[in-house]
Amino acid sequence: MIPTLIERRPGRLDLGQAVGALAAFTAGLLLALMIAQNGALARATDPWLASWLAHGVGTLVAALLWCLTPRAAGPEAAPGWAWLGGLPGALTVVLAALCLNSSLGMAGTLALLLLGQLLFGALCDGAGWFGLARRLPSGMDALAALLVMAGALRIVLG
């Protein structure tokens, strides 16, 4: 079954979209902070220990937040593949720490992370993967991706 296409209204955000955009922007800031912290820990120890410690602290914080917030659906509502979300997360932490401590630095690492997220996100939206509503990329989406790619290459190649 192919999910329905999401209707888009270019140039306009409703309140829900604005809150979502602010949350996504904040998540991006937190991702950069996490990479900096994990990179420093990986320099002092090694990337694998940094990943273990980051996920241990993350588990404790997530458990605390889980206990403090109401839940609408039980675990049986999640598809089987959703239970493996920690796998790409763990690999991301290790790979980002390795890249951060290379000649890429923070800006190059984040630029390539953003490019990878953008391209894979567009693919997932277009195909409706992972339970997402299908949303075909527009010409402006393609232009934005090209600009991000050009910016990432400019940062990485100098």
Side-chain angles (χ1 to χ4, degrees), residues 1-39 42 47 50-51 54-55 57-59 61-62 65-66 69 71-73 75-158:
M1 179 174 105
I2 296 176
T4 59
L5 290 174
I6 294 176
E7 186 177 335
R8 298 184 62 207
R9 292 172 293 163
R12 295 202 207 100
L13 287 177
D14 62 29
L15 181 59
Q17 290 171 316
V19 169
L22 181 59
F25 180 75
T26 303
L29 295 175
L30 292 171
L31 180 62
L33 176 61
M34 178 198 75
I35 289 169
Q37 291 173 314
N38 291 340
S51 178
H55 284 87
V57 170
T59 298
V61 171
L65 293 173
W66 184 74
T69 57
R71 286 162 298 287
E76 63 278 353
W81 52 263
W83 292 93
L84 300 176
L87 178 61
L91 294 174
T92 298
V93 169
V94 171
L95 292 174
L98 289 170
C99 293
L100 180 69
N101 292 314
S102 74
S103 60
L104 287 175
M106 177 68 100
T109 298
L110 290 176
L112 293 172
L113 277 166
L114 175 61
L115 181 60
Q117 290 172 331
L118 178 64
L119 294 177
F120 188 68
L123 182 63
C124 291
D125 279 346
W129 290 348
F130 304 110
L132 297 172
R134 194 163 162 233
R135 176 190 163 285
L136 296 178
S138 68
M140 290 304 286
D141 293 333
L143 176 61
L146 285 173
L147 290 171
V148 170
M149 185 180 304
L153 288 173
R154 180 73 179 118
I155 289 170
V156 171
L157 300 177

Closest contact, heavy atoms only, [X] versus [Y]:
X: Cys99; Y: Leu104; value: O-CB, 3.8 Å
X: Thr69; Y: Leu65; value: OG1-O, 2.9 Å
X: Ala122; Y: Pro137; value: O-CG, 4.4 Å
X: Val93; Y: Ala54; value: CG1-CB, 4.4 Å
X: Ala42; Y: Ala50; value: N-CB, 3.8 Å
X: Cys124; Y: Leu132; value: CB-CD1, 3.9 Å

Query raised in the report: Between the side chain of Arg134 and the main-chain N/O of Ala127, is any donor-acceptor distance below 3.5 Å?
Result: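 Checked: no pair found.
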Requested in this report: May I ask you to decide if Pro47's main-chain N or O and Ser51's side chain share a donor-acceptor pair within less than 3.5 Å?
Outcome: no
Query raised in the report: Got more than 12 heavy atoms from elsewhere within 6.0 Å of CE, Met140?
Result: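 Atom CE in Met140 is not packed in, count stays at 12 or less.
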Report task. Verify the neighbour count for atom CH2 of Trp81: are there more than 12 heavy atoms of other residues, nucleotides or ligands below 6.0 Å? Result ->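 Check passes, neighbour count above 12.
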Requested in this report: For the pair Leu113 and Ile35, evaluate side-chain contact (heavy atoms from CB on, under 4.5 Å) and give the outcome as yes or no after the intermediate values.
Outcome: CA-CA 11 Å; Leu113 277 166; Ile35 289 169; 3.2 Å; yes
Distance (rounded to the nearest 0.5 Å) between [X] [atom1] and [Y] [atom2]:
X: Leu118; Y: Met149; atom1: CG; atom2: CE; value: 8.5 Å
X: Leu95; Y: Leu100; atom1: CG; atom2: CG; value: 12.5 Å
X: Leu110; Y: Leu31; atom1: CG; atom2: CG; value: 6.5 Å
X: Asn101; Y: Met106; atom1: CG; atom2: CE; value: 10.0 Å
X: Phe120; Y: Phe130; atom1: CZ; atom2: CZ; value: 4.0 Å
X: Leu115; Y: Leu153; atom1: CG; atom2: CG; value: 7.5 Å

**Report entry** Audit row: Val57, Gln37, side-chain contact (heavy atoms from CB on, under 4.5 Å) steps and yes/no
**Finding:** CA-CA 12 Å; Val57 170; Gln37 291 173 314; over 6 Å; no
Query - Derivation of the side-chain contact (heavy atoms from CB on, under 4.5 Å) call for Leu33 and Leu29 - result: CA-CA 6 Å; Leu33 176 61; Leu29 295 175; over 6 Å; no
Query raised in the report: Side chains of Asp141 and Ser138: closer than 4.5 Å at any heavy-atom pair?
Result: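 Yes. Closest side-chain heavy atoms under 4.5 Å.
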